[in-house]
Amino acid sequence: MTFRLTSKGPVSKQVSVMLRDKDGIETGEMVDYTLRSLNESDVATWAAFCAACFSYKPNPPPAQYFERHFWRDPRRDASLIWVFHHETEGIVSSLRIFRRRISMGPGDNSSSNSSDAVGHEVEAGGIGEVCTTIDHRGRGLAGRLLKTAMDTMMDLKLGYSLLHAAPAFIPVYKKSSYSPVVSKWSVLFVPVRNLRPMTDNEMTIRSAQYPRDTDQLQAIHKEYSELRLAGCVIRSKEYWNEYLSEELGDSLLVLCRANVVLAWIATRPRGRNYQVRDFGCKVDLISARSALSSLLYATLEKEGLFVDSAMAAHTEVNLQLPTIMLNDIIQAEQSPLEFWTSVIAEDDGGWMYKPIVPANKDGQLISCMTERTNMHGIPHLVWPADSF
C-alpha cells in the first residue's frame, strides 16, 4: 500500500540519502526523498500511513485514531507534521509536533524564552507519531525529521521539546540531548469487597457534561495538578470542550454536591490493571480517599463488576495510579488499610525533555525539567488523558 500526497507542501525540499549495507558501509546508491510539511487536505492520507506503521501493536490504532487526535486538537497545525515522501511509495517516515503549554511545578523560577510564558508555565512542543516504514528504516530519516522539528520549534520560540520513548529508544533520544524524567506510579491491589457505594444523599455521580462542567473542571485541575506538578499539560477551556470531552467520553465520571463538582476520575483497562487516565479533587471539600473510593466503585459498577455479588466478593482490582494520588490518599484522615491490601511501585521513565533555547529574552536560564524533578523533588506527571 502506498500513501502518496497530491498537494504541494507549505515547506518542502529535496533530500538525497546514501544507502548502506547491513554492516553500515556505504553502497554508493542514492535514494531521493522530499522532506515536506503537510496541508490539512493531507491529514487523511497521513493518518492511514501512521495506522499502517503501527499495525504490529497488539491493539493497533486505526487511521481514525490519528485523524481524531488531529482534528480535535484546538491547537492543531498540519504544517507541524513533517514527512519524508518518496516519488513512488508516498509517505515513508513521519513526525508530528504537538503545541502544548506545560507546568514547571510550584515556584517562579521557570522562565521561558516564549514571550507569553507566565509563572509556572512554559510553551512546549511535544513529539509524537514518529514512524518509518520497514523498507526505509536504517537510513536516518527519523533523525532528520527530529532535527527539522527542533529547527521548527526554535523558530516558534518554544521553551521545551518533550516526548515519551519506549525503553529501547531512550538511548537513541539521549544521543539527541533529551534527558529522561521519572514519573512515579503505583499499583494498588484493591479487593472489590472493600469498596462501598456513596452514602451521602446530597452527592451524585454522573458523566461529565460539557461545557456545563468545564469552568469547574478547569479550576480544580489547575489547583490539583498544574500548580503542584511538573510536565502537566495546562488545559484551556477549548482543550476541555473540544479534545478531552471526546477523548474521554462518558468514561469521565464526576462527583457532585448539588451543582458543585468535587472530584472526577477517568479510567481504562491496561492489561490486568485499571489505569487512572485522569483525576482531580477539590481537597478542601472532600478527601482524595473518599473521592477515589466512591468514584472507583461507580466505575466498576458501570463495568458490571457488581452484577454477581458472590464473584465481586472474591475479585481484586489492580489500580494503576500516580503515586502523588496515593500520597494524597495516605494523608487523608481515614485509614488506607480499609481500601487496599498491598501496593507496588511501577514508575514510568519514558518521558524525556530537551530545552530548545537555553535562555529567555532577558538572559535568564530556562529551568531544567530534570533538575526541578530530580533535585528539587517536584513530582512529574503527564496525565494519560493528555498523552500524545
message: Set out, in order, the CA-CA distance, both residues' side-chain angles and the distance that settles side-chain hydrogen bond (donor to acceptor under 3.5 Å, both in side chains) for Thr323 and Ser186, then state yes or no.
response: CA-CA 5 Å; Thr323 301; Ser186 299; 2.9 Å; yes
Do [X] and [Y] have side chains that approach each other closer than 4.5 Å (heavy atoms only, starting at C-beta)?
{"X": "Leu253", "Y": "Arg206", "result": "no"}
{"X": "Ile329", "Y": "Leu321", "result": "yes"}
{"X": "Tyr274", "Y": "Asn318", "result": "no"}
{"X": "Phe84", "Y": "Arg139", "result": "no"}

Basic-acidic side-chain contact under 4.0 Å: [X], [Y]:
{"X": "Glu246", "Y": "Arg72", "result": "yes"}
{"X": "Asp386", "Y": "Arg277", "result": "no"}
{"X": "Glu226", "Y": "Arg101", "result": "no"}
{"X": "Arg4", "Y": "Glu87", "result": "no"}

Does [X], at its [atom1] atom, have more than 12 non-hydrogen atoms belonging to other residues, nucleotides or ligands within less than 6.0 Å?
{"X": "Lys354", "atom1": "NZ", "result": "yes"}
{"X": "Met1", "atom1": "CE", "result": "no"}
{"X": "Asn259", "atom1": "CG", "result": "no"}
{"X": "Asp23", "atom1": "CG", "result": "yes"}
{"X": "Ile344", "atom1": "CD1", "result": "yes"}

query: Rounded to the nearest 0.5 Å, what separation is found between the OG1 atom of Thr152 and the CG atom of Leu95?
result: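 Answer for the OG1-CG pair, Thr152 versus Leu95, is 9.0 Å.
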Arg268/Asp278 under salt bridge (Lys or Arg N to Asp or Glu O under 4.0 Å): CA gap, chis, key distance, verdict: CA-CA 10 Å; Arg268 64 179 173 187; Asp278 206 49; over 6 Å; no
- request: Evaluate the ring planes of Phe54 and Phe66, with Trp represented by its six-membered ring, and classify them as parallel (under 30°), tilted (30 to 60°) or perpendicular (over 60°).
  value: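 Plane angle under 30°, so parallel.
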- request: Decide yes or no on salt bridge (Lys or Arg N to Asp or Glu O under 4.0 Å) for Asp42 and Arg36, but give the supporting numbers first.
  value: CA-CA 11 Å; Asp42 303 318; Arg36 56 161 291 179; 3.0 Å; yes
Trace of the side chain to side chain contact (heavy atoms under 4.5 Å, CB included) decision for Trp383 with Val276: CA-CA 8 Å; Trp383 286 103; Val276 177; 4.1 Å; yes
query: Passes side-chain hydrogen bond (donor to acceptor under 3.5 Å, both in side chains), Glu247 versus His69? Steps please.
result: CA-CA 8 Å; Glu247 283 300 303; His69 269 216; 3.0 Å; yes
Is the [X] to [Y] ring centre distance short of 6.0 Å?
{"X": "Trp240", "Y": "Trp264", "answer": "yes"}
{"X": "His164", "Y": "Phe169", "answer": "no"}
{"X": "Tyr224", "Y": "Phe279", "answer": "yes"}
{"X": "Phe388", "Y": "Trp351", "answer": "yes"}

message: Ser290 and side chain to side chain donor-acceptor pair (under 3.5 Å): which single residue from Ser293, Ser294, Ser287 fits?
response: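 Of the listed options, the one satisfying the test is Ser287.
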message: Checking side chain to side chain contact (heavy atoms under 4.5 Å, CB included) between Ser103 and each of Leu229, Ile234, Val382, which is the one that passes?
response: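 Result for side chain to side chain contact (heavy atoms under 4.5 Å, CB included) with Ser103: Ile234.
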Derivation and outcome, side-chain hydrogen bond (donor to acceptor under 3.5 Å, both in side chains), residues Ser79 and Asp77: CA-CA 5 Å; Ser79 71; Asp77 186 343; 2.6 Å; yes
query: Which is it for Arg75 and Glu123 under the salt bridge (Lys or Arg N to Asp or Glu O under 4.0 Å) test, yes or no, and what are the steps along the way?
result: CA-CA 12 Å; Arg75 303 188 71 182; Glu123 280 290 318; 3.0 Å; yes
query: Between Arg68 and Phe70, is NZ or CZ placed under 6.0 angstrom from the six-membered ring centre and within 45° of the ring axis?
result: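 So Arg68 doesn't make the cation-pi contact.
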- request: Check step by step if side-chain hydrogen bond (donor to acceptor under 3.5 Å, both in side chains) holds for Thr341 and Glu316.
  value: CA-CA 9 Å; Thr341 57; Glu316 186 174 69; 3.3 Å; yes
- request: Decide whether Asn241 and Thr214 meet the rule of one side-chain donor and one side-chain acceptor closer than 3.5 Å.
  value: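 Note: Asn241 and Thr214 side chains meet the donor-acceptor criterion.
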